[in-house]
Amino acid sequence: MSDASLSHDETHVRTARLRTDVSHSARIWNYWLGGKDNYPVDEEVGEQILGFVPALPRSAVADRQFLARAVKFLVGQAGIRQFLDVGTGLPTVDNTHEVAQRSDPSCRIVYVDNDPIVLRHAHALLTSTAEGATDYIEADVHDPGAILQRAAATLDFTRPIALTMLGVVNFIMDTEQARSIVRTLLDALPSGSHLVISHPTTEVDGEAMAEAVRYWNSQGSAPMTLRTRAELLTLFDGTDLLEPGLVSCSRWRPDTADEAGIVDVTHFCGVAKKA
């Protein structure tokens with residue numbers, strides 16, 4: 001869905017929703033990644049948060065690198081050709097469809113987000129090889145039924161699908177609700193599908209991260225939460241968690257064999273298969 005396809009009224013409503021005077025998680029993440037799709041308020045709040053956890057940009061980079069490695073594995077070794085990417089965020093280098101279609105041009109990808117800043121950049125995601133497909137749907141992670149209904153226009157739910165939820169489950173504040181939403185989405189996918197999650201944790205720089213999140217939640221944007229490793233493991237209930245299990249994003253099948261040079265980051269991640 002591009003801006004050109006919207007009516008004047010829809011465009012006006014979405015523009016009104018776009019606040020440039022309030023910090024935004026996707027734009028702050030973009031700032032930490034060295035992007036340009038952010039505003040002074042995002043830089044200000046981003047720098048304040050770095051005052052609590054100076055290493056967060058390293059975590060942002062590790063999260064993106066994990067996505068690329070996971071997608072490459074899913075296409076190359078797990079045989080996945082369809083992706084449901086919930087919580088798309090702002091486009092950057094090596095988005096899901098780029099990594100997937102580089103490995104196999106026939107891959108089909110549906111991006112899901114409900115944020116106006118992402119909607120403005122949706123056209124950057126809507127590129128695809130001729131053999132495959134890339135679509136964007138506006139839906140909220142709290143409404144898994146709507147996500148599944150609209151994704152079915154592009155994805156074949158009789159064939160395995162990779163459900164990727166990077167940095168989005170942390171915006172579901174209640175852990176029971178988070179488990180229920182993940183389960184609802186996964187239950188709709190056939191055997192052989194995969195679940196990919198990354199999530200900020202209390203496992204690395206826990207006290208500083210808690211302070212950073214408290215500061216973030218006081219800024220008026222969408223509140224988020226941290227979870228322990230034990231809580232994150234429950235999101236994978238009923239699946240087979242692949243090696244190396246639930247680990248810091250920097251440690252999920254890294255490209256380097258030099259483990260001594262790997263530094264733990266504040267985001268943990270895992271990839272699991274549905275039996």
Side-chain angles (χ1 to χ4, degrees), residues 33 58-89 91-112 125 127-129 131-134 151 154-169 182 185-186 188-201 229 232-233 235-259 261-275:
L33 286 169
R58 183 169 61 201
S59 188
V61 171
D63 185 60
R64 293 301 302 182
Q65 292 174 340
F66 159 67
L67 170 65
R69 295 196 304 273
V71 171
K72 186 176 180 180
F73 160 78
L74 289 168
V75 177
Q77 297 185 46
I80 297 294
R81 296 296 181 270
Q82 302 187 102
F83 292 82
L84 180 56
D85 187 333
V86 180
T88 302
T92 180
V93 296
D94 276 350
N95 299 290
T96 300
H97 74 284
E98 293 170 319
V99 178
Q101 293 182 343
R102 192 181 303 144
S103 297
D104 187 325
S106 71
C107 288
R108 305 176 73 83
I109 297 89
V110 170
Y111 291 104
V112 182
L125 297 173
T127 58
S128 176
T129 57
E131 302 93 329
T134 304
T154 301
L155 303 180
D156 179 358
F157 278 73
T158 67
R159 297 172 51 231
I161 295 170
L163 170 63
T164 64
M165 305 184 76
L166 274 69
V168 65
V169 181
V182 172
L185 292 169
L186 200 58
L189 308 185
S191 176
S193 294
H194 285 67
L195 173 64
V196 183
I197 292 177
S198 74
H199 195 297
T201 79
R229 187 176 188 278
L232 294 180
L233 281 170
L235 298 175
F236 294 93
D237 283 350
T239 66
D240 296 324
L241 194 59
L242 305 182
E243 292 293 335
L246 183 67
V247 295
S248 174
C249 283
S250 56
R251 295 189 181 278
W252 196 90
R253 305 192 181 192
D255 294 328
T256 177
D258 180 20
E259 291 191 14
I262 298 175
V263 178
D264 287 334
V265 297
T266 58
H267 273 64
F268 271 34
C269 66
V271 177
K273 182 178 181 179
K274 179 179 178 179

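For the numbers below, each heavy atom of this structure counts, side chains included, while hydrogens, waters and symmetry mates do not.
Ionic pairing of K274 and D240 is not present here: no N-O contact between side-chain nitrogen and carboxylate oxygen is shorter than 4.0 angstrom. Salt-bridge check for D94 with R64: failed, with every basic side-chain N at 4.0 Å or more from each acidic carboxylate O.
Across every non-hydrogen atom of V263 and S250, the tightest pair is O-OG, 2.7 Å. The nearest pair of heavy atoms linking A68 to V99 is O-CG1, 3.6 Å. Heavy-atom minimum distance, V271 versus A70: CG2-CB, 4.2 Å. The two residues R251 and P244 make their nearest non-hydrogen contact at O-CG, 3.7 Å. Taking every heavy atom of both residues into account, P190 and P160 meet most closely at CG-N, 3.7 Å. Residues T201 and H199 come closest through the heavy atom pair CG2-O, 3.2 Å.
Note that CZ of R102 is 11.5 Å distant from SG of C107, once rounded to the nearest 0.5 Å. The distance from atom CZ of F73 to atom CD1 of I80, rounded to the nearest 0.5 Å, is 9.0 Å. Atom CH2 of W252 and atom CD of Q65 lie 13.5 Å apart (nearest 0.5 Å). Note: T164 OG1 to L195 CG = 9.0 Å, rounded to the nearest 0.5 Å. With values rounded to the nearest 0.5 angstrom, L232 atom CG is found 10.0 Å from C269 atom SG. Note: T127 OG1 to E98 CD = 6.0 Å, rounded to the nearest 0.5 Å.
Judged purely by atom type and a 3.5 angstrom limit, T129 uses its side chain to pair as donor or acceptor with the backbone of P105. Side chain of T154 to backbone of V110: no donor-acceptor contact under 3.5 angstrom is found. Between the side chain of R69 and the backbone N or O of R253 there is at least one donor-acceptor pair closer than 3.5 Å.
Residues Q101 and T134 meet the side-chain proximity criterion, which asks for heavy atoms closer than 4.5 Å. Residues S193 and I161 have side chains in contact (heavy-atom distance under 4.5 Å, counting atoms from C-beta outward). Two residues are said to be in side-chain contact when any heavy atoms from C-beta on lie closer than 4.5 Å; L189 and L163 meet this criterion. Counting heavy atoms from C-beta on, the side chains of I197 and F236 come closer than 4.5 Å. With a 4.5 Å cut-off on side-chain heavy atoms, L67 and N95 do not count as touching. Side-chain contact between R108 and L155 is present, with heavy atoms from C-beta onward closer than 4.5 Å. At least one side-chain heavy atom of S106 sits under 4.5 Å from a side-chain heavy atom of R81. In this structure the side chain of V196 reaches within 4.5 angstrom of the side chain of L74, judged on heavy atoms.
Aromatic rings from H97 and Y111 are positioned such that their centres are separated by under 6.0 Å.
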Practice task
Please lay out, stage by stage, how L242 and H194 fare under the test side chain to side chain contact (heavy atoms under 4.5 Å, CB included).
Solution key: CA-CA 10 Å; L242 305 182; H194 285 67; 4.1 Å; yes
Exercise for the section: Could you give me the CA-CA distance, side-chain angles and deciding distance for L241 and L233, then say whether side chain to side chain contact (heavy atoms under 4.5 Å, CB included) is met? Expected result: CA-CA 9 Å; L241 194 59; L233 281 170; 3.9 Å; yes
Problem - side chain to side chain contact (heavy atoms under 4.5 Å, CB included) evaluation trace for F66 with S198 - result: CA-CA 9 Å; F66 159 67; S198 74; 4.3 Å; yes
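When only modelled atom types and interatomic distance are considered, S59 and H267 share a side-chain donor-acceptor pair under 3.5 Å.
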